[in-house]
Number of protein chains: 2
Amino acid sequence: MSQIKKIRLSESVIDAIKEMVVKDGFRSGEKFYSEKELTGKLQVSRSSIREALRILEVTGQVSVKQGKGIYIADTQGERFKEFSSWLKNNEQSIRDNFEVRLIIEPKAARSAAENADAGDIQQMEGVWAQFAAYARDHKIEEAIVCDHRFHCGLARATKNRTLYVLMKAMTTTLPNGWISSLYTPGRIDQTVHEHGDILRAVKKQDKAGAENAMTRHLANALHDITKHLDDLT
Amino acid sequence: MSQIKKIRLSESVIDAIKEMVVKDGFRSGEKFYSEKELTGKLQVSRSSIREALRILEVTGQVSVKQGKGIYIADTQGERFKEFSSWLKNNEQSIRDNFEVRLIIEPKAARSAAENADAGDIQQMEGVWAQFAAYARDHKIEEAIVCDHRFHCGLARATKNRTLYVLMKAMTTTLPNGWISSLYTPGRIDQTVHEHGDILRAVKKQDKAGAENAMTRHLANALHDITKHLDDLT
DNA sequence: GACATCTGCTTGTCTGACAAGTGTCGCGCC
DNA sequence: GGCGCGACACTTGTCAGACAAGCAGATGTC
């Protein structure tokens, strides 16, 4: 069985353009072919080219300027740009998401401080150490995985299975919302600290301390994202 | 100095569509207006609409299917799907379930007291009245449906979509233990009262009152269920 | 030399047309 | 009555051509 889903022409154009950039050796910031040239080279209409360009633009791979032309995006800021545009389009859902987390997680941390056993703490300490290592080496993707695992580990330590499964649902299926926070400058290092605070409180069975540390952690993250968002506009 | 950058029409269309989704009350998975209808409503050409749609599609907010139409993406629903099915298959954890609800719902009630508009309140009052009627006639099955709808209506009034979807996942897959609680003598009548308390507080925009009323409601329900379960064994 | 204008290129938007996918309704057959 | 099939309406996908609007360099005038 081959290729069930029919692909849109504009999607093929995206791939074709990406390939062109590589094959024809375009570099960051360079001027690319014009829309008209592209219709000639790819033999598709300008509409399809333009739909493809909108997608390439919003994913931060090109930048299009009226009267001037199409430019290959700056690869330095490419990842950052991509994140920014995503952020702009998902502002509300991030806020919603954080609000819910601010409700659930502090209580989860409190419960974890009460119910965590030695195994839970050992596991979380391992995750935390790895997170710190990835943060030091600026391995953001890997650090994000550790972030998920830390929060899930905490939920597991509550010994409330509903809470654990819920937390897992919130972390594994909304990668972007979590990723977003860690891409903001400085956030990742602070997260190491804040996770450390939470962990220490849980270890000491300090319920109020754990709850407060988690509240601070989430509030800080939300604050950084919001500020970052304001800077963009 | 205002507005340096010139805005592309398709970008305005994105905002307009997002606003429409909210204002006209479209829900996840629902069919949206067709491209043709949008040209009429927004008074811009199909090209601009389509460019906007490509962006909304790639940022995961709508999904467009040839021959069928434009659909509001159901990312949130997908998110908690696994969680829902887990809940359904693990009804032994009623206590865990309640603990989580005791964390979430009082805060949800508080938020509802802050954000509910006239429509939300009217809808909830309707549900409440019907619940009371069913309770009077001892139509328990129907009353249970109203119970779900009341809690979902409250979550919706928070205007937080994540919370709403989460609550829906939790109420629609209620374990039988919960349902059976409404069969315990007196519980259903008391629920009518307790829901009334919550509703009144929300209406008065009394945040603390709503939070407390919800906490009482859930605590009472848990108490009765626990007693009911103990009586069974 | 300084400035305004012209000109040709670019992207932005609109229009009308036809292709292609999807679901529905009703007709005719069994 | 039930079933199958085709006509039809409605949807998105793609195209071609036109004009508006922004930009930059060439040209002409003073």
Side-chain angles (χ1 to χ4, degrees), chain A residues 1-18 20-21 24 26-74 81 85, chain B residues 1-18 20-21 24 26 29-74:
Chain A
M1 193 142 32
S2 69
Q3 197 69 24
I4 291 181
K5 190 186 148 216
K6 206 194 159 193
I7 51 172
R8 234 182 317 235
L9 200 49
S10 56
E11 293 176 43
S12 321
V13 171
I14 292 174
D15 293 334
I17 289 181
K18 279 188 191 167
M20 263 186 195
V21 173
D24 299 359
F26 284 94
R27 309 240 208 112
S28 296
E30 221 172 314
K31 190 167 185 295
F32 192 57
Y33 301 121
S34 73
E35 293 182 358
K36 194 179 174 195
E37 284 173 310
L38 286 172
T39 62
K41 283 179 188 286
L42 301 177
Q43 290 294 306
V44 297
S45 77
R46 235 185 111 201
S47 322
S48 299
I49 303 269
R50 282 182 62 81
E51 289 188 16
L53 284 175
R54 286 297 85 74
I55 293 171
L56 287 166
E57 207 177 13
V58 87
T59 54
Q61 309 189 46
V62 302
S63 117
V64 180
K65 288 167 194 151
Q66 178 173 8
K68 300 184 76 172
I70 303 162
Y71 294 82
I72 306 301
D74 195 0
K81 221 171 176 177
S85 71
Chain B
M1 189 144 33
S2 71
Q3 199 67 25
I4 294 180
K5 192 185 149 211
K6 208 197 158 192
I7 293 186
R8 234 185 313 237
L9 198 50
S10 55
E11 292 176 43
S12 320
V13 171
I14 292 175
D15 293 335
I17 288 181
K18 278 189 193 168
M20 264 188 195
V21 172
D24 298 358
F26 283 94
E30 223 173 310
K31 191 168 186 294
F32 192 56
Y33 301 122
S34 71
E35 293 182 358
K36 195 179 173 194
E37 283 172 310
L38 287 172
T39 61
K41 281 177 188 288
L42 301 177
Q43 289 296 305
V44 299
S45 75
R46 236 185 107 201
S47 325
S48 300
I49 303 266
R50 283 183 62 81
E51 289 187 16
L53 285 175
R54 288 297 85 74
I55 293 171
L56 286 167
E57 207 176 15
V58 89
T59 55
Q61 309 190 47
V62 302
S63 103
V64 180
K65 288 166 196 154
Q66 178 171 6
K68 299 185 77 175
I70 302 163
Y71 294 81
I72 306 299
D74 191 13

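Chain identifiers are assigned alphabetically (A, B, ...) following the order of the sequence lines, protein sequences preceding nucleic acid strands; residue numbering begins at 1 within each chain.
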### Query
With a 4.5 Å limit on heavy-atom distance, are the side chains of A:L42 and A:M20 in contact?
yes
#### Entry: Cationic N near anionic O, under 4.0 Å, A:E51 to A:R54
no
### Query
To the nearest 0.5 Å, how far apart are CD1 in A:I17 and CG in A:D24?
11.5 Å
### Query
Below 4.5 Å, heavy atoms only, C-beta onward: do B:E35 and B:I70 meet side chain to side chain?
yes
### Summary
Counting primed atoms, P, OP1 and OP2 as sugar-phosphate and everything else as base, the B/S/- map of nucleotides 5-18 of chain C against protein heavy atoms under 4.0 Å is -----BBBBBB-B-
### Query
Is the shortest side-chain N to carboxylate O distance from B:E11 to B:R8 below 4.0 Å?
yes
### Task
Using a 4.5 Å cut-off on heavy atoms from C-beta on, say whether the side chain of A:L56 contacts that of A:K18.
yes
### Message
Is there a side-chain contact between A:R50 and A:S47 in this structure, where contact means two heavy atoms from C-beta onward sitting under 4.5 Å apart?
### Response
no
### Query
First and last nucleotide of DNA chain D in contact with chain A, 5' to 3', at under 4.0 Å to a heavy atom: what are they?
D:dG13 to D:dA24
